[in-house]
Each structure stands twice: as structure tokens, then as C-alpha cells.
Student: 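Take this structure first; my questions come after.
Positions are given from 1, in the same order as the sequence printed here. Both counts, for ligands and for their atoms, begin at 1 and track the order of listing.
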Amino acid sequence: MAKAEASTRTISLVRVPDERGIGVFCIADGNKSQFYTFREIPCEIGGRGFAVHRLGQGNLYHVRVGKPEDRSCECMGFLRWDHCKHVTGLLALIKQGYLPKTPPQPLPQGERG
Ligand SMILES: [Zn+2]
């Protein structure tokens, strides 16, 4: 019944986050690829938060990565299995050094450049 996770799944960074923190990654699963835009969002409850938007489908997931207890995602896969390709993918990108090691600093409010 239980299927092992496909070992052919790979994640790659398509576009590094720009000055607004918006980047694009691609998850390739076998011969299918799916592109996602992502943006790191402030997260005050541990771990790092990302808004991940699946291109072409309109799905938006809030993904949290970090220590095992600080991981979460809103997709069906995570609800069911406690892990998913979004969490695994973002963790891989961070581990491989593709994303900044530290979360973005909030801009000071009320100041104009
Ligand atoms: Zn997910």
C-alpha cells in the first residue's frame, strides 16, 4: 500500500530572490516539472516562513521550515504524511546555500528613502 517517495524528485532554484525577496524554484518529479514562486515572510513562532505559490494552479501554501518541530505546510501531503515536497524542497535549497542563511530584516516603518 505505502509507496516510497520517488527518488527522482529534484528541486532547483530557477530565480534567486530579488530585492523584494521573491524567487522561483522548480520541483522536477520524473519527467514532470512544476514551477513555484516563493517569498520569505516574517515568522515569529520558530523556523522560517515562506509563501509558496504554485504557478498555473493558483494554490498558495504557507510553508514553515526549520527544526523538525518547526516544520509545517498547508498542502494535503503534509497534513497526511507530516512531510511534503514543499518543506523538503525549501530545506534542500537552504542547506545547499541557495537561500540567505538569515531571514530578511523587516524594513523600518515610517522611514522613506
Ligand atoms: Zn506542502
Student: Taking only residues at least two apart or on different chains, which pairs with a member in residues 41-62 satisfy ring pair (Phe, Tyr, Trp, His ring centres under 6.0 Å)?
Tutor: Tyr61-His86
Student: Judged by atom type as modelled, is there a donor-acceptor pair below 3.5 Å linking the side chain of Arg64 to the main-chain atoms of Gly46?
Tutor: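 Answer holds: yes.
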Student: Within the side chain of Gln34, is there an N or O that forms a donor-acceptor pair under 3.5 Å with the backbone of Leu55?
Tutor: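 Yes, the answer is positive, given that a donor and an acceptor are paired below the 3.5 Å cut-off.
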Student: Quick check: does any side chain N or O of Asp18 sit under 3.5 Å from a backbone N or O of Gly21, one acting as donor and the other as acceptor?
Tutor: yes
Student: So, at under 2.8 Å, which protein N, O or S atoms would a careful student list around the Zn ion (ligand 1)?
Tutor: Cys73 SG, Cys75 SG, Cys84 SG, His86 ND1
Student: Per the salt bridge (charged side-chain N to carboxylate O under 4.0 Å, His left out) rule, what does the pair list look like for residues 49-58, sequence neighbours excluded?
Tutor: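 Passing the test, one end in residues 49-58: no pairs.
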Student: Just jot down the side chain to side chain contact (heavy atoms under 4.5 Å, CB included) partners of Ile27, sequence neighbours excluded, or say none.
Tutor: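 In terms of side chain to side chain contact (heavy atoms under 4.5 Å, CB included), with neighbours along the sequence ignored, Ile27 is linked to Arg9, Ile11, Phe25, Tyr36, Lys85.
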